Amino acid sequence: MLIKDNIKDIELFSDLNNALIDKLISISSIKRYGKNTILHYEGESSKNILFLLSGFIKIFKVDKFDNEIFLYYVQENSIISELSDLGKEEIYSFSNATFTQNSIILSINYLKFKELFLDNNILSLKLIKIILEKTHILQFVLNRELVFDASAKVAYMLSTDLELVNKLKRQEISFMLHIQPETLSRVLKKLSRNNIILMENSKIKIIDQDNLESIFSGVAV
């Protein structure tokens with residue numbers, strides 16, 4: 001796999017010209033990982049900023065009783081690294097990351113990336129936007145665990161990540177949302193009866209977006 005063939009598929013780098021892409025390539029490498037391999041543990045630091053080119057990554061924490069607490073998935077062409085301070089020279093991992101499929105990542109030397117790009121006001125705004133999007137994901141995690149009931153959890157995921165829902169098995173979705181498979185099935189059937197979604201051949205289509213959003217925004221359906 002050539003880095004140049006994949007780098008523009010990543011939103012952060014999609015507008016770079018060839019000269020800047022060549023600079024990026026000079027400080028980058030591609031690494032392959034097998035299914036169930038651990039990428040990093042909570043508390044570790046890295047000198048590289050990582051992006052997922054292909055595959056699937058599960059982000060999770062472990063509580064004091066060694067129970068796994070699922071946070072979110074990282075999908076293809078997305079940033080993996082958990083950036084919180086652009087002034088640091090290393091990137092701290094706030095959670096654990098494991099590959100659920102054979103995967104390929106793009107690894108970029110973070111210090112050189114800062115010197116060549118961020119310090120020259122190249123990609124800074126786009127990177128901040130990506131960090132804010134990741135923060136939005138974590139806000140959902142808080143709502144999922146502390147605020148949303150089962151219906152709101154399912155409705156929010158359908159509204160914001162339908163492609164992922166249609167990619168995963170129902171059991172995997174239940175695990176993500178921390179609800180029982182029977183509960184997920186019951187919520188989906190209710191949404192279907194209310195003509196909010198349409199289920200065909202195990203795939204879901206949204207037919208009433210406003211009503212779907214009202215379920216998790218606190219407005220009665």
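Since the structure is predicted, the reported quantities are computational estimates derived from the model, not experimental observations.
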>> Let's go through Ser95 and Glu82 carefully: what are the C-alpha distance in whole Å and the side-chain angles of both, what is the deciding distance for side chain to side chain donor-acceptor pair (under 3.5 Å) to 0.1 Å, and is it a yes or a no?
In response: CA-CA 9 Å; Ser95 52; Glu82 301 167 321; 2.4 Å; yes
>> Taking the basic N atoms (NZ, or NE/NH1/NH2) and the acidic carboxylate oxygens, is any pair closer than 4.0 Å for Lys205 and Glu200?
In response: no
> Can you name the closest pair of heavy atoms from Lys153 and His178 and give their distance?
Replying inline: NZ-O, 3.9 Å
> Any side-chain heavy-atom pair from Leu39 and Ile80 closer than 4.5 angstrom?
Replying inline: yes
> Does Asn96 reach the main-chain N or O of Ile59 with its side chain, forming a donor-acceptor pair under 3.5 Å?
Replying inline: no
>> For the backbone of Asn48 and the side chain of Ser107, can you confirm whether one donor and one acceptor N or O come within less than 3.5 Å of each other?
In response: no
> Can you find a heavy atom in the side chain of Ile137 that is under 4.5 Å from one in the side chain of Glu133?
Replying inline: no
> Can you name the closest pair of heavy atoms from Leu184 and Val154 and give their distance?
Replying inline: CD1-CG2, 3.7 Å
> Are Ile179 and Leu212 connected in a single hydrophobic cluster, I mean Ile/Leu/Val/Met/Phe/Trp/Tyr linked by side-chain heavy atoms less than 4.5 Å apart?
Replying inline: yes
>> For the backbone of Pro181 and the side chain of Ser185, can you confirm whether one donor and one acceptor N or O come within less than 3.5 Å of each other?
In response: no
> Are Lys4 and Asp22 ion-paired here, with the side-chain N under 4.0 Å from a carboxylate O?
Replying inline: yes
>> Within the structure provided, determine whether Asn77 and Glu11 are in side-chain contact (heavy-atom separation under 4.5 Å).
In response: no
>> When you group the ILVMFWY residues by side-chain heavy-atom contacts below 4.5 Å and let the links chain together, are Ile122 and Tyr110 in the same group?
In response: yes
> Is there a donor-acceptor pair under 3.5 Å between the side chain of Ser192 and the backbone N or O of Lys189?
Replying inline: no
>> Donor-acceptor check, side chain of Asn194 to backbone of Ile196, threshold 3.5 angstrom: yes or no?
In response: no
>> Distance check, rounded to the nearest 0.5 Å: Lys129 atom NZ versus Leu12 atom CG?
In response: 11.0 Å
>> Quick check for you: to the nearest 0.5 Å, what is the distance between Ser54 atom OG and Leu106 atom CG?
In response: 11.5 Å
> Would you say Asn102's side chain and Lys35's backbone share a donor-acceptor pair under 3.5 angstrom?
Replying inline: yes
> Counting only heavy atoms not in Lys8, do more than 12 fall under 6.0 Å of its NZ?
Replying inline: yes
> Heavy atoms, side chains only, cut-off 4.5 Å: are Phe51 and Ile105 in contact?
Replying inline: no
> What distance separates Asn166 CG from Ile173 CD1, expressed to the nearest 0.5 Å?
Replying inline: 7.5 Å
>> I'd like to know whether NZ of Lys31 has more than 12 heavy-atom contacts from other residues, nucleotides or ligands below 6.0 angstrom.
In response: no
>> Counting C-beta onward and ignoring hydrogens, is there a side-chain heavy-atom pair between Ile10 and Leu53 closer than 4.5 Å?
In response: yes
> Do the side chains of Tyr156 and Leu138 join up, straight or via other hydrophobic residues, at under 4.5 Å, putting them in one cluster?
Replying inline: no
> Under a 4.5 Å cut-off applied to non-hydrogen side-chain atoms, are Leu86 and Ile131 in contact?
Replying inline: yes
> Under 3.5 Å, is there a donor-acceptor pair between the side chain of Ser174 and the main chain of Arg170?
Replying inline: yes
>> With rounding to the nearest 0.5 angstrom, report the NZ to NZ distance, Lys114 to Lys88.
In response: 10.0 Å
>> Quick one, Tyr73 and Leu168 - any side-chain contact, counting heavy atoms below 4.5 Å?
In response: yes
> Has the side chain of Asn120 got a donor or acceptor atom that lies under 3.5 Å from a matching backbone atom of Leu116?
Replying inline: yes
>> Is there a path of hydrophobic side-chain contacts, each under 4.5 Å between heavy atoms, that joins Phe216 and Met176?
In response: yes
>> Test of understanding: clusters of I, L, V, M, F, W, Y form through side-chain heavy atoms closer than 4.5 Å, transitively. Do Val165 and Leu198 belong to the same one?
In response: no
>> If I compare all heavy atoms of Ile57 with all of Thr100, which pair ends up nearest, and what's the gap?
In response: N-OG1, 4.3 Å
> Looking at CG of Leu191 and OG of Ser151, how far apart are the two atoms once the value is rounded to the nearest 0.5 Å?
Replying inline: 7.0 Å
>> Closer than 4.0 angstrom, basic N to acidic O: yes or no for Glu42 and Lys61?
In response: yes
> Taking the six-membered ring for Trp, are the ring centroids of Phe140 and Tyr72 within less than 6.0 Å of each other?
Replying inline: no
>> Ring centroids only, cut at 6.0 angstrom: are Phe56 and Phe99 within range, meaning strictly under it?
In response: no
> For Leu125, does the CG atom have more than 12 heavy-atom neighbours from other residues, nucleotides or ligands under 6.0 Å away?
Replying inline: no
>> Less than 3.5 Å apart, any donor N or O on the side chain of Ser159 or Gln209 sitting next to an acceptor on the other?
In response: yes
> Taking atom types as modelled and ignoring hydrogens, do the side chains of Glu90 and Ser46 form a donor-acceptor contact shorter than 3.5 angstrom?
Replying inline: no
> Roughly how far apart are Leu83 CG and Ile130 CD1, rounded to 0.5 Å?
Replying inline: 9.0 Å
>> Check Glu68 with Lys58, please: is the shortest side-chain N to carboxylate O separation under 4.0 Å?
In response: yes
>> I'd like to check Val62 versus Asn67 (side-chain heavy atoms, cut-off strictly below 4.5 Å). Are they in contact?
In response: no
> Above 12 or not: heavy atoms from other molecules or residues under 6.0 Å from NZ of Lys23?
Replying inline: no
> Within the side chain of Asn201, is there an N or O that forms a donor-acceptor pair under 3.5 Å with the backbone of Lys203?
Replying inline: no
> Is a donor on one side and an acceptor on the other found under 3.5 Å between the side chain of Glu172 and the backbone of Lys169?
Replying inline: yes
